[in-house]
Amino acid sequence: MAAVVFFPLAALLVILALTVVLHPDPVKSALALVGTLFLLAVFFVFLSAEVVAALQVIVYAGAIMVLFLFVIMLLNPGAERSERRGPVAGTVVGGLALVLAWQTGWLAAGGKIGAEGLRPERGYGGVFALARSLFTDFLLPFELTSVLLLVAIVGAVVLAKRRLS
Amino acid sequence: MMEFVLSLVIFSPLLGAVVLLAVPGDNVAGIRRAALAFSLLPFLFSLVLWSGFDASRGDFQFVENLPWLPRFGIRYIVGVDGISLFLVLLTTFLTPLVVLSCWGDIELRVKEFFFFLLMLETGMLGAFLALDLFLFYVFWEVMLVPMYFIIGVWGGPQRIYAAVKFVLYTMAGSLLMLVAIIYLASVHAHASGLWTFDLRELYNSALGAREQLWLFTGFSLAFAIKVPLFPFHTWLPDAHVEAPTGGSVILAGVLLKLGTYGFLRFAIPLFPAALEVASPVFVALALIGIIYGAAVAMVQPDLKKLVAYSSVSHLGFVMLGLFGLNQIGIEGAIYQMLNHGLSTGALFLIVGVIYSRRHTRMIADFGGLWREVPIFAAIFMVVTLSSIGLPGLNGFVGEFLILLGAFKSSRLAAVLAVSGIILGAVYMLRMFQRVMFGPLTNPANRGLGDLSVREILVLAPVVAMIVFMGVHPRPFLKVMEPAVSSTIERLEVARRRMEPRIAVALEKRAEVAW
Amino acid sequence: MVTLPAIGWLALLPGMLLVVLGLSVLAIDLFSRQDQESLGWVTLLGLGVSAVAIAGLWGQQGNGFGGTLLLDRLSVVLALLVVATGALVVLMSMNYLETIETSGGEFYALVVFSLAGMVFMAASSDLILLFIALEVMSLAVYVLTGIARGSVRATEAAMKYFLLGAFATGFLLYGIALLYGATGSTRLDVIGEELRRAAGDPLLLAGVCLLLVGLGFKIAAVPFHMWTPDVYEGAPTSVTALMAVGVKAAAFAAVVRVFLQNLAFFGESWWWVLWVLSALTMTVGNVLAISQRNIKRMLAYSSIAHAGYLLVGVAAGGPEAPSAVVFYLLAYAFMNLGAFGVVIAVGRKGEPNEGIDDYAGLGFRYPLIGAAMVAFMLSLTGMPPFAGFAAKFYLFSVAIERGFVALAVLGVLNSLVSAAYYIRVLVVMFMREPEHEVRILAGRPYLMTSIVAAAVLTLLIGVFPPFGGFKL
Amino acid sequence: MEGDGQIIPFELLFLIPAFPLLGFVLVLGLRERLGRAVSVIAPGVVGLAFLAAAAAFYRLVSAGPGAVLTQHLYTWISAGDFSANITLRFDPLSAVMALVVTGVGFLIHVYSAGYMGHDECKPRYFAYLNLFTFAMLLLVLADDLLLLFVGWEGVGLCSYLLIGFWFEKEENASAGKKAFIVNRVGDAGFVLGLLLLLWSLGAERMSLGVGALKEIAPSLDAGTVTVATLLLFIGATGKSAQLPLYVWLPDAMAGPTPVSALIHAATMVTAGIYMIARLSFLFALAPITLAVVAWIGISTALFAATIAVAQNDIKKVLAYSTISQLGYMFASLGVGAFSSGIFHLMTHAFFKALLFLGAGSVIHALGGEQDIRRMGGLREYMPVTFWTFLIATLAISGMPLLSGFFSKDQILERAFASGHIGIWAVGLAAAGLTAFYMFRLLFLTFFGELRAAEQARHHPHESPPVMTVPLVALGILAAVGGYVGLPEGVGWGDKFGEFLHGVVGSFAGHHLAAGTQILLTGCSIGVALLGLVVAYFCYIVQPGLPALVAYRLSGIYKVLAGKYFVDEAYDFLIVRPYFRLANVAWRIFDVGIVDGAVNGAATMVSVNSELWRRLQTGRVQSYAFSFLGGAVVLLAALYLAGRG
Amino acid sequence: MVGLSHFVALSAILFAIGTAGVLLRRNVIVIFMSIEVMLNAVNLAFVSFARSLGDAQGQVIVFFVMTVAAAEAAVGLAIIMAAFRARQTVDVDEMNRLRW
């Protein structure tokens with residue numbers, strides 16, 4: 001992936017992510033999140049993960065974000081009181097977050113992997129490879145995911161249904 | 001029966017406690033009688049034990065050795081020798097008296113009280129008889145709970161503070177002891193490849209001098225608090241003052257002995273190398289305790305507090321005897337433990353008697369009681385005299401032997417300790433005078449009833465023992481002798497094994513002891 | 001041609017039984033509308049059957065799914081422990097659900113699903129499996145926490161738990177990602193070997209560290225513990241019990257799997273990290289517990305403190321440490337469950353009576369509950385002859401054997417501090433006269449059964465601790 | 001001073017102490033139920049003890065010189081190498097003491113039956129008195145020093161109980177306590193002495209049997225012996241009321257007067273002298289100790305005599321006189337004249353007991369009045385008392401031919417003979433003072449006008465026979481008791497000294513020339529007469545003179561009347577500081593510092609708890625912040641460690 | 001040329017942004033969305049690593065992450081709804097009844 005493409009997109013991604021985090025209007029935040037997800041899908045494509053990219057758009061941006069927007073609309077009738085934290089909190093938290101990014105992104109990666117770390121293979125990222133991995137390496141997690149989703153459904157129903165009278 | 005007589009002794013009170021729970025709570029008379037019966041049971045068993053005891057042997061007898069937790073080589077090992085025999089007897093002897101003395105005292109939650117009392121007895125007996133360090137620790141901690149309840153539920157106005165203080169103070173020491181026990185066993189396991197908590201095995205562990213010192217510190221903190229050795233004594237006055245009579249009696253009579261017993265059985269023989277550094281410190285603390293306890297006792301306005309501080313002083317004597325590290329001193333110390341158990345136990349019973357009549361323990365509220373309660377006065381007098389070590393009564397025998405032992409290791413210590421026998425007379429007689437002599441000024445004291453038959457039954461055996469043990473201590477000393485000498489021998493062997501440098505230093509210290 | 005990995009039915013059995021049980025409960029609830037008591041019975045029955053089946057696996061070794069799911073003593077013991085916990089939770093809930101106005105079906109099903117998650121967690125040797133299992137467990141417990149939807153406190157607790165849980169999940173996942181990046185695998189044995197081989201790799205180190213952080217959240221290690229008091233306090237008490245015991249046990253099983261069995265090298269080289277974590281956790285937990293007035297909150301801090309003790313074992317490491325940790329979990333389970341049972345017993349609808357002062361005078365008035373509470377509190381303190389003592393003994397002896405004497409000393413000093421607040425409960429129960437009379441409802445046989453069972457087990461484990469049976 | 005000669009087991013020896021013990025048990029056990037029988041039983045058992053002692057004495061004498069009767073009862077204590085036996089020993093010294101104790105004791109018991117006849121607590125009184133007799137007999141018959149110590153403390157106990165017999169009066173109780181505690185101070189020294197002695201014996205035979213000790217004594221290290229004997233002597237100063245521990249004795253007069261006679265004059269207070277005589281073989285090895293003993297003794301003699309001059313309480317005068325006389329005895333021991341000390345002990349027992357009983361009779365007659373300024377003229381009312389009192393006064397003053405004359409003279413003479421001229425001189429001065437204050441007492445009490453208060457005036461009457469008979473008996477003894485120890489060369493000579501020879505050895509001083517001896521005797525008589533004359537002049541001829549002297553020399557008088565303010569000094573220097581220190585130790589150290597530290601630690605934990613729990617703000621983001629911070633710190637720490 | 005480290009760095013930055021959002025926002029839903037940002041950062045990391053390793057597993061893991069995210073979203077939003085019903089607010093600062 002060429003730097004000319006990467007850096008502007010990366011910058012955009014960061015801006016969108018920041019918008020999610022910083023925009024006072026939750027709806028705008030949500031939309032920015034959708035943008036972030038789309039942009040990530042683009043990155044996934046660049047990283048030869050087309051299937052993932054597709055799922056990202058369909059499941060994430062499509063399904064999950066709709067749910068979010070729905071809930072935002074449902075619960076957010078009026079304007080809230082001052083949204084943002086004070087500058088002190090912002091600075092401290094921002095600083096800490098930066099340190100974390102530095103630690104995980106810079107220090108960690110600085111060890112082994114150089115700029116030339118990406119080595120695509122033939123058939124890499126194809127559905128077949130993914131499926132094989134999914135049903136061999138991760139068969140049990142895959143099965144267990146069904147339980148997870150069941151729990152989520154039951155849970156959501158239990159929590160969200162109207163109270164018994 | 002003799003093979004498991006020790007288990008009978010230990011667990012018969014527990015059995016009693018459990019059975020007691022089955023008695024309906026409103027049948028107070030029945031509960032009292034049952035409690036008395038169940039407390040007499042271990043006494044009988046311990047008499048059987050005494051009768052079967054071979055006084056010529058210094059090792060452990062009636063040993064029961066059963067596997068318990070094989071993973072750590074923990075076993076149920078109990079055994080008795082001349083050192084623990086009498087402490088067991090003291091316990092089983094005092095408990096029925098306490099039960100009897102509480103017949104009048106404890107009106108509320110009678111069943112629970114005796115339940116805890118009997119449980120406590122099991123704990124104490126187990127701690128005296130356990131030969132497995134793990135087992136010992138279990139019993140040691142098990143004692144804490146019933147005592148805590150006895151103080152906290154049936155105690156005086158500040159009882160909660162006192163009870164919590166008692167528990168936390170005591171735990172502070174014992175938890176560190178737990179670490180030390182585990183460490184000791186693990187070192188032994190490393191060396192021998194086998195986990196064991198058997199005391200008799202651990203006596204032979206090869207530890208470095210530094211290690212020994214640390215472990216000794218761990219053990220001795222627990223014991224020093226229990227003793228209580230100055231300056232770890234401040235839980236005692238509170239606990240005594242707030243505890244009900246029976247609780248104080250057991251506390252002073254038996255519980256404190258566990259501290260000194262612990263030193264003798266565990267801390268000293270397990271870590272002989274530590275003694276080089278530790279024994280001067282402990283002798284010094286014992287001496288401070290003797291004098292300090294006596295001085296502070298004198299200015300107490302509360303009878304129980306006075307007796308409590310007197311315990312600090314008396315147990316200072318015991319500690320002095322123990323850390324003289326010679327046959328005579330140690331025998332004296334053990335004897336003094338028994339004496340203190342009897343005389344201080346009796347003092348608390350006596351305080352309980354007047355407290356039950358007047359509901360005050362302030363010395364200033366009394367004066368001139370003799371005329372009103374002559375029998376009481378006579379018994380009080382005897383006990384007081386025993387406490388100040390009058391020759392002919394038990395206290396003297398112990399004190400003299402302790403002084404004799406201490407004199408050998410440090411003359412200065414003996415000289416300072418002797419001042420304790422003066423100061424002891426000062427506070428005891430001062431107290432006695434202020435309570436019993438002088439004019440009967442407080443009208444509330446007029447017409448105070450003398451001892452009832454029950455109270456006499458409680459006190460008379462103690463007084464009899466006080467006199468007997470003063471006049472004829474031989475039967476007791478004779479039994480202790482072999483056990484103490486084997487302890488001393490162990491120390492000697494260890495001393496010889498130590499580096500010559502340390503041995504020389506020891507000699508030198510003995511020389512400059514003046 | 002794709003060959004599916006061997007299923008390893010035996011390894012799968014415990015978790016599968018529970019999943020099936022959960023589905024059955026749901027189905028029964030859905031199709032026959034039983035009252036919650038009968039559902040409880042069904043659940044209990046299912047748990048009993050599972051327990052028997054799982055117990056039958058004792059001593060078996062094996063794995064499934066290409067070695068990602070393990071069948072070993074640790075997984076079996078944990079499964080048994082988890083099932084027993086679930087049974088007691090269900091038992092005490094059977095007299096409790098109406099208090100919080102909750103119907104049985106979903107509740108029991110969610111409990112069982114969370115148990116399934118725990119069982120898989122304990123058995124997994126693959127980080128992704130671990131993660132999914134953890135999520136199954138967590139999601140179920142999030143929902144259970146908020147299941148009393150009408151309650152402000154319960155929903156607040158659920159919210160906090162969920163937000164922080166998801167936050168922690170992010171860290172955990174990020175750690176897994178870094179580990180994956182560093183080793184190309186999510187399998188613990190591979191990562192462990194890689195760690196030993198390339199110890200200095202910062203990526204690997206960062207991954208392990210974030211993994212520790214993520215699991216640290218679940219076990220409530222300081223400073224990742226702060227959700228604990230609020231959530232414990234707000235959640236329905238029986239759920240709190242499940243959290244304090246089950247979740248913690250499963251999380252620690254994972255910690256054992258990760259840090260003691262596979263990534264032991266981390267503990268060997270960076271033991272001081274765990275040392276500090278352990279010291280902080282127990283100290284903060286104990287010290288803060290002292291000033292608590294609400295018993296559930298106090299127990300929450302106490303559970304933090306116990307996590308600290310457990311971490312002593314993790315920090316010490318060595319071949320004995322897993323056994324010691326699991327034994328501690330076992331002991332901890334029953335005394336803690338019992339304590340929460342008593343909390344349930346003292347409360348009633350609309351009147352939770354969770355203030356410690358509400359317990360004044362209960363000890364003698366309700367001797368059975370009083371005696372049980374004595375056992376639980378003393379056991380939590382670590383007094384013989386109760387389970388807590390045996391557990392601490394085992395744990396500290398491992399620590400001392402491995403040379404962690406200072407940590408053991410810190411541990412016992414912390415026990416001393418803990419005595420102050422555990423014993424205060426007894427002080428209040430037995431030595432104080434009540435300001436207002438709290439009456440304990442009669443006629444709750446299941447609840448009483450669970451309390452008594454917990455007390456008996458606490459005593460039994462204390463007197464005859466099955467140390468020998470714990471060679472993991 | 002050789003070892004024991006012939007050791008004869010005598011199985012009835014135990015009867016001597018056993019009778020009084022039996023009496024004690026009987027009286028205490030039956031108390032009021034005994035009724036009047038108590039007046040028979042209590043003196044009776046002592047009488048029986050006397051008979052037993054007499055029998056033993058007979059056996060001893062008939063066995064010839066050097067014989068010792070012993071009876072081993074049982075081994076009392078044995079621990080390690082140490083053992084102590086309950087063994088009784090009846091040698092000449094014990095014999096003298098036992099006879100004096102039982103004899104005088106019997107008389108006083110009889111007297112008490114009258115004196116205490118109306119006291120409702122009579123049983124208790126006799127119980128104590130019997131117990132005392134038992135303890136005293138144990139003391140004098142003990143073979144083992146530790147057994148001796150039992151008696152030693154036992155008599156102390158009885159003294160305590162009897163001083164405080166009328167405990168309703170606070171002063172009495174306090175006096176008893178004071179006696180006990182001051183004695184304890186001495187006892188502490190005594191115990192230390194025993195300890196030192198025991199360890200110096202070597203590990204093989206740590207036992208304090210007198211016979212054994214005697215054999216081993218010469219092999220002991222001289223320094224050790226000196227220290228040990230000095231320590232033992234401290235014990236003696238306590239029990240026998242010597243400087244500086246004499247202060248309890250005057251206060252002890254609070255007890256019933258017969259008690260003062262028996263315990264605080266005749267028997268118990270002489271225990272110190274007895275003990276030193278018993279261990280004479282040891283003390284003789286320590287010249288430094290002997291010198292100290294001599295000088296302490298004689299200083300006490302003079303010191304107490306000066307105080308006695310200015311006292312107005314009849315019993316106080318006698319008390320200081322006792323202290324003074326005990327001082328003589330110590331001086332005697334100190335100069336090596338052990339037998340003389342014991343001799344004086346015996347005669348003193350007779351005449352001092354008599355004086356006290358006489359005083360008791362007077363007090364009894366005057367309804368409790370003890371101030372001699374409010375007595376006078378009693379000679380006419382109570383002739384028996386007067387005459388016996390006169391005999392005793394003459395005896396104590398050293399008037400020729402009475403018992404005191406022989407014994408005191410022997411002491412002074414031997415002091416002189418052994419070269420202790422200083423001691424002789426001081427002793428002589430004290431003798432003069434003794435004569436003065438004793439006659440002052442006599443004159444003020446029995447001569448002149450009765451100055452008693454109105455209500456007491458009607459009372460004066462002679463005491464009943466039960467009291468006067470013992471007076472007479474003691475009077476006879478006081479008169480003739482000295483003839484057993486005549487000066488060398490006079491009559492049958494010093495039979496007493498010869499009798500004791502086997503135990504205490506013979507006096508080792510020069511043999512004085514007959515002329516010197518006569519001269520010294522003359523001096524003694526002269527000084528005594530001088531005292532008598534001055535007293536006569538002051539109190540019969542010129543009754544106003546003493547007041548004038550007191551006025552003129554008010555400084556000295558105040559010091560003397562105030563007993564040199566020793567009590568006050570002790571109070572100021574020891575008692576009060578100790579109390580203050582104890583209070584400080586308790587309130588500041590114990591409650592403040594030690595307990596403060598303990599509670600402080602607990603408080604610290606809870607304060608911290610309160611403080612830090614506020615971090616738990618309830619806001620979920622602060623929790624997340626803690627989480628994030630923890631993660632960052634953990635990562636940082638690992639990286640840093642990874643680098644290093 | 002852009003290498004793996006760039007992607008990892010980008011992922012780290014995204015993760016940090018998400019973290020900051022969790023800590024800074026008051027609206028529960030936005031906080032939750034920040035968590036989604038964190039999860040997406042994780043996904044980016046997985047995909048990048050997978051690519052660099054030439055391994056499919058990383059991509060499969062992303063499926064799981066998405067599934068979990070979906071499940072969490074369902075439960076989380078339900079909890080938010082319940083909490084909103086109980087208290088009529090989505091401001092986390094007001095959810096502080098449980099404290100100390």
Side-chain angles (χ1 to χ4, degrees), chain A residues 1 3 6 10 14 17-18 20-21 26 29-30 33 36-37 40 43-44 47-49 52 55 59-60 64 67-68 71-72 75 80 83 85 90 93-94 97-98 100-101 104-106 109 113-119 121 124-125 129-130 133-134 137-138 141 145 148-149 152 155-156 159-160, chain E residues 1-21 23-27 29-30 32-34 36-37 40 43-44 47-48 50-52 54-57 59-64 66-75 77-82 84 90-91:
Chain A
M1 187 178 185
F6 177 80
V14 169
L18 281 173
V20 175
V21 167
S29 283
L33 182 53
T36 312
L37 298 176
L40 267 173
F43 276 100
F44 290 164
L47 288 166
S48 335
V52 177
L55 278 174
V59 176
Y60 233 126
I64 300 181
L67 194 59
F68 266 91
V71 173
I72 292 171
L75 300 188
E80 288 182 31
E83 234 320 285
R85 302 276 165 190
V93 169
L98 274 179
L100 182 70
T104 52
W106 184 251
I113 307 148
E116 303 295 330
L118 306 172
R119 41 191 172 84
E121 262 172 36
Y124 175 76
L130 292 192
S133 179
L134 184 60
D137 299 338
F138 299 114
T145 316
L148 180 70
L149 289 171
L159 288 171
Chain E
M1 193 56 193
V2 178
L4 172 62
S5 47
H6 292 91
F7 285 95
V8 173
L10 182 60
S11 146
I13 291 169
L14 269 188
F15 192 81
I17 291 173
T19 311
L23 264 71
L24 287 174
R25 294 302 295 258
R26 284 204 166 95
N27 188 318
I29 303 170
V30 179
F32 195 13
M33 289 195 294
S34 303
E36 294 296 341
V37 171
N40 275 288
N43 282 349
L44 180 57
V47 172
S48 317
R51 170 69 193 275
S52 93
D55 178 29
Q57 284 192 1
Q59 294 189 24
V60 179
I61 293 170
V62 174
F63 297 164
F64 289 116
M66 281 182 199
T67 317
V68 167
E72 276 193 352
V75 168
L77 290 172
I79 289 175
I80 291 172
M81 298 271 289
F84 181 79
V90 287
D91 187 341

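Every chain is numbered from 1, with letters handed out A, B, ... down the list of sequences.
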Task: Those residues that, when tested against A/S133, pass side-chain contact (heavy atoms from CB on, under 4.5 Å) (two or more places apart) - done: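 Result, side-chain contact (heavy atoms from CB on, under 4.5 Å) vs A/S133: A/D137, A/F138, E/A56, E/Q57, E/V60.
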
Open item on the list: Quick check on E/V62 against chain A: is it the side chain, the backbone, both or neither that has a heavy atom closer than 4.5 Å?
Closed with: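 The side chain, not the backbone.
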
What's the spacing between [X] [atom1] and [Y] [atom2] if we round to 0.5 Å?
X: A/T145; Y: E/M66; atom1: OG1; atom2: CE; value: 13.5 Å
X: A/L37; Y: E/N40; atom1: CG; atom2: CG; value: 4.5 Å
X: A/F68; Y: E/I29; atom1: CZ; atom2: CD1; value: 8.5 Å
X: A/L75; Y: E/M81; atom1: CG; atom2: CE; value: 5.5 Å
X: E/E36; Y: A/T36; atom1: CD; atom2: OG1; value: 11.5 Å
X: A/L148; Y: E/F64; atom1: CG; atom2: CZ; value: 10.5 Å

[X] portion near chain E, given a 4.5 angstrom heavy-atom threshold:
X: A/L18; value: both
X: A/L67; value: both
X: A/L134; value: both
X: A/L40; value: side chain

Under a 4.5 Å heavy-atom cutoff, which of [options] has the most pairs with chain E?
options: A/G94, A/G155, A/A101; value: A/A101
options: A/L33, A/L130, A/L149, A/T104; value: A/L130
options: A/V20, A/L55, A/L100; value: A/L55

What are the two closest heavy atoms between [X] and [Y], and how far apart are they?
X: A/S29; Y: E/V30; result: OG-CG1, 4.2 Å
X: A/V21; Y: E/R25; result: O-NH1, 2.6 Å
X: E/Q59; Y: A/S48; result: NE2-O, 3.5 Å
X: A/A152; Y: E/V75; result: CA-CG2, 3.6 Å
X: A/I64; Y: E/A73; result: CG2-CB, 4.0 Å

Open item on the list: Can you tell me how the ring of E/H6 sits relative to the ring of A/F6, calling it parallel under 30°, perpendicular over 60° and tilted otherwise?
Closed with: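 Perpendicular, since the angle between the ring planes exceeds 60°.
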
TODO: Check whether any side-chain heavy atom of A/Y60 lies under 4.5 Å from a side-chain heavy atom of E/N43, and answer yes or no.
DONE: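 When only atoms from C-beta onward are counted, E/N43 and A/Y60 do touch, with a gap below 4.5 Å.
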
TODO: Could you tell me whether the side chain of E/F63 reaches within less than 4.5 Å of the side chain of A/V59, counting heavy atoms only?
DONE: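 No; the side chains remain at least 4.5 Å from each other.
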
TODO: Could you tell me which of E/A74, E/A82, E/S34 has the largest number of non-hydrogen atom pairs under 4.5 Å with chain A?
DONE: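 Among the listed options, the one with the most contacts to chain A is E/A74.
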
Can you give each donor-acceptor pair under 3.5 Å made by side-chain atoms of residues 8-20 of chain E, sequence neighbours left out, with the distance rounded to 0.1 Å?
residue, atom, partner, partner atom, Å
E/S11, OG, C/Y174, OH, 3.1
E/S11, OG, E/A41, O, 3.1
E/T19, OG1, E/F15, O, 2.6

